[in-house]
Amino acid sequence: MSGTSEGPTPAADLDRSAVTESNDLTAPGADPSTYRSVFTAAPLAMAVVNREGLVVGANTAFADLLGSAPDALAGRIAADLVDLASDARTWHAYREVLRGRQARLRCTRRLKHSDGQSLWVQVTVAPLRGDGPGTVLLSVADISARRELQARLRHLQMHDPVTRLPNRALFFERLSAALEAESYEPSGTGRVGLCYLDLDGFKAVNDTLGHRVGDRLLAAVADRLRRCADEAGRGRVSVPLVARLGGDEFALLVEDSTGTEQLADLAEAVQKAVQAPFDLSGQRLSVSASIGVVERQAAGTSATGLMQAADTTLYWAKADGKARWTLFDPERNAHRMTRQALASTLRPAIERGEFVLEYQPLVGMEDGRLRGVEALVRWNHSQFGVLTPNRFIGLAEEDGSIVQLGRWVLATACRQARQWQLDHPDEPPIFVSVNVAVRQVWDSDLVADVAEILAETGLAPHLLQLELTESAVMGSAGRPLQALQALSDMGVHIAIDDFGTGYSNLAYLSRLPVKVLKLDGSFVRGFQYEGEGVPPNPADEVVVEAMIQLAHRLGLTVTAECVETSAQAARLRRIGCDTGQGWLYSRPVSPDRISGLLGVRV
């Protein structure tokens, strides 16, 4: 019988107790022949080995275990019989026992019988002081049945009972092993790939047809995923591992991947395989899968990090419309991480006073004088610097903090407008325009808030303008429309921001309490080539002029956004635009800079 190790071989169990421990074959006053008879007849396989490592004698059980006769084993090298030299640690410990420097060695080995059968054994080596220095007793216990039971239990523990695929525990065990530097093959790529998927609409199958049908569907999906993995592994060193992670979530792990193209091909194959209809005991079902695909260098990658990336990418696939696979994008992920960081600190930032207002002038087109300002909020973030509204207003609307932030903006802007009026009593007062989100109307009493702030600051209602986007205003009904009407009745001006890009429902516009239209900057940008050797597009001017004339006939004034050149300003002035806003006049600036613009041509 020869010994082999099935790697990694369980580490030797080294008993480092005192070397003086007694393990004599005979005891004082006892009949040696009795002990020899016991040794010979014992069911436990045993052999006596001298200090040179040669077998002195072996019992019948030891000889039967090795498929030999007891006499034929005398003089054989014991270490070769039970594979003690296959790894350096075990060999060193064995030599230490022979030299009397270590009390005992216990290790597990896989031996191969002469008939070709393999069995697992536990080998124990201990000194026999009574038979002379260096003599040891080597005993071998067959533990194959125990190992087989352990293997069965492990298989049950590591596999999903519904699909018979590896479960989450085994998947993460394999993934962690694949990412360890010791597992990289010299001829391999050193890369790892992952397709992480779940079934779109699987819950509806469970809810309508029952969990039994749902389980059969999961098993059928698992079979198709296995076939995809087998096909992908054809001609390669390893086949992708398919695992069920729980519910309707599956994963395909590709070790030594060759790049994103290989993972994309696998994801495409999985997508097509899952989309084909399933016939389950007369039930014909169709499902699809959303798949997140990640492929990267294994070095420096953790199992947690890889799964987070895969989970994020799966979320993108679902958000983009489901029934598709999406490749991990580091730039998109960085944006998501930044977004999450901002969302988690938004409310505390409002309480800590990390927001400030800047003001952009609104200038009369005829005389170039300052008529009003638009209040624009900025977030002085400790990590990301100064952030403009497009970075956080959407987040504030999602979590409801826009109500708290919006009230602060409104109060601060009104207070500042009143302060300019008090500081410059000889100049005509300027109005302040504040952006309002629809959620502020729904989630708070905006009318009461505005009335309270105007009373506290002393600002006249006609010097406050509230801006809402076209899509928000055009869809107003019920409470929002009532709030807008109440604000208008109070004397506050209502403006539609970015007009011309949304519904543009002109019939509905005539029934709204609106005073001002702010033309979207895309219209004004069409004027920018005049005077630069490029003829202007007459259609741009026709459209803008028509909107201005319509607004004037409805009793509305018009503000043009994004005015950047004098040529644009001249054309807007010629077709009757009332006020302009843009970098031609000023970028958003601090309140003291606005003070310097009062009473002068901008």
Side-chain angles (χ1 to χ4, degrees), residues 346-363 369-381 386-389 392-393 396 401-437 439-441 443-468 483-484 486-495 497 515-516 518 559 579 581 585-600 602:
L346 185 53
R347 286 183 183 274
I350 298 172
E351 296 168 1
R352 289 194 298 265
E354 294 181 5
F355 292 88
V356 296
L357 292 185
E358 291 183 339
Y359 300 88
Q360 188 170 27
L362 296 164
V363 178
R369 292 187 176 274
L370 186 66
R371 300 288 178 81
V373 293
E374 180 180 355
L376 300 169
V377 64
R378 304 286 187 258
W379 184 358
N380 287 327
H381 198 281
V386 178
L387 303 178
T388 53
F392 57 85
I393 289 297
S401 59
I402 189 65
V403 173
Q404 182 183 3
L405 178 61
R407 195 180 193 288
W408 176 85
V409 170
L410 185 63
T412 304
C414 289
R415 191 176 299 110
Q416 182 59 63
R418 177 58 176 160
Q419 191 61 51
W420 283 321
Q421 189 177 4
L422 295 175
D423 293 343
H424 302 273
D426 297 332
E427 299 293 339
I430 61 173
F431 67 88
V432 63
S433 190
V434 178
N435 291 280
V436 175
R439 187 160 183 176
Q440 290 177 255
V441 183
D443 293 1
S444 67
D445 191 344
L446 182 63
V447 178
D449 285 347
V450 169
E452 182 181 348
I453 289 171
L454 291 177
E456 288 177 355
T457 60
L459 186 68
H462 73 277
L463 295 179
L464 173 62
Q465 177 174 288
L466 300 180
E467 296 186 21
L468 290 90
L484 294 180
L487 290 167
S488 179
D489 293 343
M490 191 188 300
V492 175
H493 289 185
I494 306 298
D497 196 14
K515 295 290 185 182
V516 180
K518 296 189 72 174
T559 298
T579 55
Q581 176 182 1
Y585 308 111
S586 174
R587 294 173 182 255
V589 294
S590 59
D592 58 315
R593 297 280 299 278
I594 296 296
S595 297
L597 298 177
L598 292 171
V600 300
V602 179

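Counting begins at 1 with the first residue of the sequence.
- Distance CG/L387 to CZ/F355: 8.5 Å, rounded to 0.5 Å.
- Summarising the local packing, CZ of R593 is surrounded by 12 or fewer heavy atoms from other residues, nucleotides or ligands at distances under 6.0 Å.
- Going from atom CG of D592 over to atom CG of D423 covers 11.5 Å, rounded to the nearest 0.5 Å.
- The two residues A375 and N435 come nearest to each other via the heavy atoms O-ND2, 3.9 Å.
- In this structure, the side-chain contact (heavy atoms from CB on, under 4.5 Å) partners of R587, at least two apart in sequence or on a different chain, are W583.
- Between I430 and I594, some side-chain heavy-atom pair lies under the 4.5 Å cut-off.
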Next item on the list: Under the side-chain hydrogen bond (donor to acceptor under 3.5 Å, both in side chains) rule, what do S433 and E467 come out as? Steps first, then yes or no, please.
Entry: CA-CA 7 Å; S433 190; E467 296 186 21; 2.6 Å; yes
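- Minimum interatomic distance between T412 and Y359 (heavy atoms only, all atoms of both residues): O-OH, 4.0 Å.
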Note to self: Set out, in order, the CA-CA distance, both residues' side-chain angles and the distance that settles side chain to side chain contact (heavy atoms under 4.5 Å, CB included) for R378 and T388, then state yes or no.
What the structure shows: CA-CA 5 Å; R378 304 286 187 258; T388 53; 4.2 Å; yes
Checklist line | Residue pair Q421, L463: steps toward the side chain to side chain contact (heavy atoms under 4.5 Å, CB included) verdict | finding: CA-CA 10 Å; Q421 189 177 4; L463 295 179; 3.9 Å; yes
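- Among all heavy-atom pairs drawn from L454 and V492, the shortest one is CD1-CG2, 4.2 Å.
- Taking both residues in full, the closest heavy atoms of L597 and P361 are given as CD1-CG, 3.8 Å, listed atom of the first, atom of the second, then distance.
- No donor-acceptor pair under 3.5 Å is formed between the side chain of S488 and the backbone N or O of L484.
- Note that CG of L346 is 8.5 Å distant from CD1 of I393, once rounded to the nearest 0.5 Å.
- Annotation: the span from L459 atom CG to Q419 atom CD amounts to 11.5 Å, rounded to 0.5 Å.
- Within the structure, the salt bridge (Lys or Arg N to Asp or Glu O under 4.0 Å) test picks out the following pairs touching residues 407-420 (sequence neighbours left out): R407-D449, R407-E452.
- Between S586 and Q360 the shortest heavy-atom distance is O-NE2, 3.1 Å.
- A heavy-atom distance below 4.5 Å is found between the side chains of V377 and W408.
- No side-chain heavy atom of H462 sits under 4.5 Å from any side-chain heavy atom of F431.
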Item checked: From CA spacing to verdict: side chain to side chain contact (heavy atoms under 4.5 Å, CB included), Q465, K515 -> CA-CA 9 Å; Q465 177 174 288; K515 295 290 185 182; over 6 Å; no
Item checked: Worked check of side chain to side chain contact (heavy atoms under 4.5 Å, CB included) between L466 and V450 -> CA-CA 10 Å; L466 300 180; V450 169; 4.3 Å; yes
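- Here the closest non-hydrogen pair linking A413 and V432 is CB-CG2, 3.8 Å.
- The structure places CG of D443 at 10.5 Å from CD1 of I402, a figure rounded to the nearest 0.5 Å.
- Note: I350 CD1 to S401 OG = 4.5 Å, rounded to the nearest 0.5 Å.
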